[in-house]
Amino acid sequence: MTKVTLISGSTMGSAEYVAEHMAEILEELGHETEVQHGPDLDSLPREGLWLVVSSTHGAGDLPENIQPLAEQIESQSPDLSQVQFGSVGIGSSEYDTFCGAIHKLNTLLIDHGAKRIGEPLEIDVQQHEIPEDPAGEWVKTWAIEL
């Protein structure tokens, strides 16, 4: 079936756990996966399917481990028109910058030609103590569109 590259941006590890959980589900559904935590642009395929998972740090900022990737995309301006992607944001609705990091990453990828598949999932840790639960349900539905 389809190969999915899961990319996580995480400060405390929650996005990493979510990405790994979704990779397991995708593999159970017959997809091939590769999980990269805070990758460099050069380590990512320039075509195919990406699934981006990011928590939000500070005032809507990207986690430190994914900032270099965002900066590389901005500075190198790669052609991502052969990339399709899905996105999952993790944040707290008690902040007005709820899921701000995934919003920034969505915009960045689309601005460089990538095409989003489906609607982003925004996980509110105030409602979901274990973010893997809603992510697991979402990825099953998202995988149908692959």
Going by atom types alone, do [X] and [Y] pair a side-chain donor with an acceptor below 3.5 Å?
{"X": "Q126", "Y": "S93", "value": "no"}
{"X": "E122", "Y": "H103", "value": "yes"}
{"X": "E20", "Y": "H37", "value": "yes"}
{"X": "E74", "Y": "Q72", "value": "no"}

Can you get from [X] to [Y] by hopping between Ile, Leu, Val, Met, Phe, Trp and Tyr side chains that sit under 4.5 Å apart?
{"X": "L69", "Y": "L108", "answer": "yes"}
{"X": "I110", "Y": "L49", "answer": "no"}
{"X": "V18", "Y": "V125", "answer": "yes"}
{"X": "L121", "Y": "L29", "answer": "yes"}
{"X": "L109", "Y": "M22", "answer": "no"}

Short question: side chain of [X], backbone of [Y] - any donor-acceptor pair under 3.5 Å?
{"X": "K3", "Y": "G48", "result": "no"}
{"X": "W142", "Y": "S87", "result": "no"}
{"X": "S8", "Y": "V53", "result": "no"}
{"X": "K104", "Y": "G60", "result": "yes"}
{"X": "T56", "Y": "A101", "result": "yes"}
{"X": "N65", "Y": "S10", "result": "yes"}
{"X": "Q67", "Y": "L62", "result": "yes"}

Would you say [atom1] of [X] has more than 12 non-hydrogen atoms from neighbouring residues, nucleotides or ligands within 6.0 angstrom?
{"X": "Y17", "atom1": "OH", "answer": "no"}
{"X": "E94", "atom1": "CD", "answer": "yes"}
{"X": "E47", "atom1": "CD", "answer": "no"}

Show your reasoning for whether side-chain contact (heavy atoms from CB on, under 4.5 Å) applies to T5 and L51. CA-CA 6 Å; T5 301; L51 182 50; over 6 Å; no
Approximate separation, where rounding is to 0.5 Å, of [X] [atom1] and [Y] [atom2]:
{"X": "H112", "Y": "T107", "atom1": "NE2", "atom2": "OG1", "result": "11.5 Å"}
{"X": "C99", "Y": "D124", "atom1": "SG", "atom2": "CG", "result": "7.5 Å"}
{"X": "E71", "Y": "D40", "atom1": "CD", "atom2": "CG", "result": "11.0 Å"}
{"X": "Q84", "Y": "E145", "atom1": "CD", "atom2": "CD", "result": "10.0 Å"}
{"X": "I90", "Y": "I123", "atom1": "CD1", "atom2": "CD1", "result": "5.0 Å"}
{"X": "L44", "Y": "I73", "atom1": "CG", "atom2": "CD1", "result": "7.5 Å"}

Are side-chain heavy atoms of [X] and [Y] found at a separation under 4.5 Å?
{"X": "L105", "Y": "I66", "value": "yes"}
{"X": "L146", "Y": "V4", "value": "yes"}
{"X": "F85", "Y": "I7", "value": "no"}
{"X": "L41", "Y": "Q76", "value": "yes"}
{"X": "W138", "Y": "V88", "value": "yes"}
{"X": "L80", "Y": "R46", "value": "yes"}

Please report the shortest heavy-atom distance between [X] and [Y], naming the atom on each side.
{"X": "V35", "Y": "A23", "answer": "CG2-CB, 3.6 Å"}
{"X": "P45", "Y": "V83", "answer": "O-CG2, 4.2 Å"}
{"X": "N106", "Y": "P120", "answer": "ND2-CG, 3.7 Å"}
{"X": "K115", "Y": "S81", "answer": "NZ-O, 3.0 Å"}
{"X": "S14", "Y": "S55", "answer": "OG-CB, 4.3 Å"}

Between Q36 and S43, is a side chain to side chain donor-acceptor pair (under 3.5 Å) present by the stated rule, with each step listed? CA-CA 9 Å; Q36 295 194 31; S43 69; 2.8 Å; yes
Residue pair D61, T97: steps toward the side-chain contact (heavy atoms from CB on, under 4.5 Å) verdict: CA-CA 9 Å; D61 299 322; T97 56; over 6 Å; no
